[in-house]
Amino acid sequence: MSTDSSDLFGALFEAPPANRTVPVLVPMPAPRPYSYSVPEGMAVEPGSVVQVPLGPRQVIGVVWDGVEDDVDPKKLRPITHVFDCPPLNKEMRDFIDWVAAYTLSPPGLVARMALRAPNAFEPEPMVEGLRFVGGEPERMTPARARVLDTAAEGLSWTRTGLAHAAGVSTSVVDGLIARGIFETIFLSPPPVVAEPDPDFIGSRLEGPQKEAAEEILDEVRKGEFAVSLIDGVTGSGKTEVYFEAIAETLRRGKQVLILLPEIALTASFLERFQDRFGAKPAEWHSDLAPRMREKVWRQAVTGEVRVVAGARSALFLPFENLGLIIVDEEHDPAYKQEDRVYYNARDMAVVRARIGDFPVVLVSATPSVESQVNGQSGRYSTIHLPTRFGDAALPDLHLVDMRRHAPERGGFLSPVLVRAIGKTVEKGEQALLFLNRRGYAPLTLCRVCGHRFQCPQCSSWLVEHRFRRQLQCHQCGHSEPTPEACPECGTLDHLVACGPGVERIAEEVERHFPDARTIVLSSDIMGGVKRLRLELDAIAKGEADIVIGTQLVAKGHNFPLMTLVGIVDSDLGLANGDPRAAERTFQLLSQVTGRAGRTGLKSHGLLQTYQPQHPVMQAIVSGDARAFYEREISERERAILPPFGRLASIIVSADTRHDAENHARGMRNAAPQVSGISVLGPAEAPLALVRGRHRFRLLVHGRRNSDMQAYLRAMLSQAPKERGSVQVQLDIDPQSFL
DNA sequence: AGCACGCCGACT
DNA sequence: GTCGGCGTGCTC
């Protein structure tokens with residue numbers, strides 16, 4: 001065929017110049033990319049961030065790899081716009097595809113997680129600045145002289161900045177610009193954070209910490225995929241150890257991502273980082289100001305930002321050249337995202353490192369059973385840090401057998417614990433009472449007819465919040481004012497609160513210690529995060545004697561004067577039907593008791609329990625977690641894993657018919673042969689976890705993603721009865737698919 | 001996911 | 001008589 005455009009004959013008989021078409025991932029639950037045509041003169045490549053028409057609106061999409069499908073060419077619409085933004089690299093695209101396949105999520109929705117920065121796709125606007133050209137104005141005035149003096153002290157100034165610094169109004173500066181003394185230049189906007197310096201201060205590690213750091217540094221120097229698990233008690237210097245891995249990665253010119261559970265992303269963490277590197281990392285989390293969000297996203301893609309510390313969503317930032325991921329508090333359930341795309345950021349971090357061929361470091365004082373198993377099998381290299389750093393001593397921990405040390409009638413604190421609190425407060429030290437239960441009482445009933453207050457929407461008990469005079473459902477958020485009469489029998493003033501919440505413990509504490517300064521900390525304190533930070537600071541400064549808190553006191557915060565930790569109900573959570581109940585309890589209790597004794601003061605922990613022989617209790621007081629993990633691993637193998645050696649847990653949720661069909665389609669497309677799936681059906685499933693709406697949870701054995709899909713296909717034959725959709729959370733060890 | 005369309009119940 | 005609830009269908 002002729003390529004000579006002057007050949008009229010050829011031109012007439014050739015097809016009109018067919019526009020190139022490309023696959024584009026759009027932010028909607030389609031199983032694969034849509035095809036769009038590329039207008040003449042537009043340059044796109046896989047990874048390009050584009051704007052495309054979708055139905056009535058314009059959406060952000062990403063040009064994808066692969067061949068276009070055979071969609072009716074008449075339906076093809078052109079790409080509207082290509083953003084002036086570095087394309088998502090192959091590594092990122094592979095990661096998105098992998099996560100989509102693994103989580104059975106539409107790839108477009110996974111891609112969308114990487115593009116969560118609405119206005120960041122065009123370059124940041126240049127900042128207008130002034131440059132001193134030279135010369136002097138014909139008429140020199142005192143104000144003008146001041147401006148010239150001031151300008152000489154710096155290299156570049158903004159118009160208002162210079163005026164402000166010189167103490168004159170902007171019109172003086174404008175006058176000098178008009179006379180050509182200054183010229184306007186455009187500067188690239190300042191980086192969002194200063195560049196961290198790996199050698200800002202040298203490593204101060206010694207002994208086991210130094211050895212641990214060396215081990216990880218070896219991996220970092222190799223610069224290949226490797227998973228290390230740092231397993232060390234609270235205060236053992238885990239952070240300092242992984243800081244060295246970060247330093248080495250920075251020296252190698254690569255970017256670093258530090259993942260933290262949202263709640264651990266505190267000012268004190270950022271300051272620790274700054275002390276070591278001379279600058280803070282960029283932050284990434286859900287309530288980052290939009291402007292900042294854009295900047296961080298943009299500077300992550302361009303490689304300007306070297307270190308990002310973020311919550312799980314930071315894992316989907318399209319870094320330019322990521323070279324290390326740290327997953328701190330690796331065991332934390334907050335790494336699981338449980339809506340839209342279901343994923344565990346810890347596992348996906350391992351996957352991202354594998355795809356990018358760089359090291360990943362998991363860090364925890366109480367590793368997840370999964371990571372522990374991977375450590376034992378040699379898939380992860382484990383680094384133990386058994387001792388505390390510096391002068392911090394671990395607290396002395398004791399169990400209080402509640403059968404022998406019963407609390408007084410109507411109370412929940414044993415005499416042993418009450419005495420210990422008294423002594424602590426006398427010495428001017430602080431006591432922490434931990435109870436993982438918000439509100440006043442978890443159950444309210446009528447003494448006359450036995451009526452129990454239940455949530456009208458989801459059938460779980462309503463929790464009394466006496467302070468707010470409300471009954472609340474902690475499952476679905478429903479709340480109603482606390483009535484005075486029983487709605488069943490109408491009797492007045494015969495409602496009785498059953499069991500303790502933090503508010504009720506506070507009441508008891510005030511009865512025992514009316515003069516002590518008491519603070520209750522739970523997620524429903526008024527005033528939000530800001531207020532919480534203030535309270536935490538106040539506590540750290542010693543402005544409280546007794547702190548009563550739920551799990552939010554367990555994370556990240558150091559209270560230097562805290563020398564007593566009392567766990568009001570250590571057994572809470574052991575019997576809620578969750579297969580991870582024991583593990584979670586162990587982790588939580590370790591974290592809470594670890595709050596004490598971090599500055600060298602002799603400290604104690606008292607754990608009230610009705611099950612002193614329980615392996616969790618034994619592990620906590622002995623400080624020897626090994627036996628506990630051994631038991632936990634074999635327990636899980638026995639209960640769930642035997643034929644296949646992997647655990648999968650699936651949440652099937654029933655919401656709308658529409659979603660059910662979408663997922664069904666996806667699964668039908670995928671499902672190859674099935675090998676042995678056994679089901680612990682809804683009856684055995686830990687309902688407590690997902691109580692509410694039309695949800696139930698299922699545990700399934702299977703080795704492969706396809707097993708899950710096949711199972712779900714079977715499941716669908718029942719799903720219509722539930723009027724529902726099927727959403728899936730795969731909670732399998734992702735390494736089995738690498 | 002978002003958005004439009006369309007069909008039935010309580011109000012300006 | 002309309003407003004608005006959500007059930008349904010559609011998007012290259």
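Every chain is numbered from 1, with letters handed out A, B, ... down the list of sequences. On a predicted model such as this, the values are computed, not experimentally measured, just so you know.
The pair A/Arg93-A/Asp97 does not count as a salt bridge, with every side-chain nitrogen at least 4.0 angstrom from each carboxylate oxygen.
Between B/dG2 and A/Arg57, no contact under 4.0 Å exists linking OP1 or OP2 to a side-chain N or O. The phosphate of B/dG2 (OP1 or OP2) has a side-chain N or O of A/Arg112 nearer than 4.0 angstrom.
Checked against B/dC3, B/dA1, C/dC12, the side chain of A/Pro56 finds its nearest nucleotide in B/dC3.
Atoms CG (A/Leu76) and P (C/dT11) sit 13 Å apart, rounded to a whole Å. When rounded to the nearest whole Å, the span between OH of A/Tyr36 and C1' of C/dC12 equals 5 Å. The CZ-P distance, from A/Arg77 to C/dC10, rounds to 16 Å in whole Å. Nucleotide B/dC3 holds its C1' atom 14 Å from the CD atom of A/Gln58, rounded to whole Å. Going from atom CG of A/Leu25 over to atom P of B/dA1 covers 16 Å, rounded to whole Å. In this structure, A/Met28 places its CE atom 9 Å from P of C/dT11, rounding to the nearest Å.
Side-chain N/O atoms of A/Ser188 and A/Glu124 include no donor and acceptor closer than 3.5 Å.
Residues forming a ring pair (Phe, Tyr, Trp, His ring centres under 6.0 Å) with A/Phe316 (at least two apart in sequence, or on another chain): A/Phe95, A/Tyr343.
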Please list every donor-acceptor pair under 3.5 Å in which a side-chain atom of residues 79-88 of chain A meets a protein atom from a residue at least two apart or in another chain.
{"from": "A/Thr80", "atom 1": "OG1", "to": "A/Gln51", "atom 2": "O", "distance (Å)": "3.4"}
{"from": "A/Thr80", "atom 1": "OG1", "to": "A/Gln58", "atom 2": "OE1", "distance (Å)": "2.7"}
{"from": "A/His81", "atom 1": "NE2", "to": "A/Glu122", "atom 2": "OE2", "distance (Å)": "2.7"}

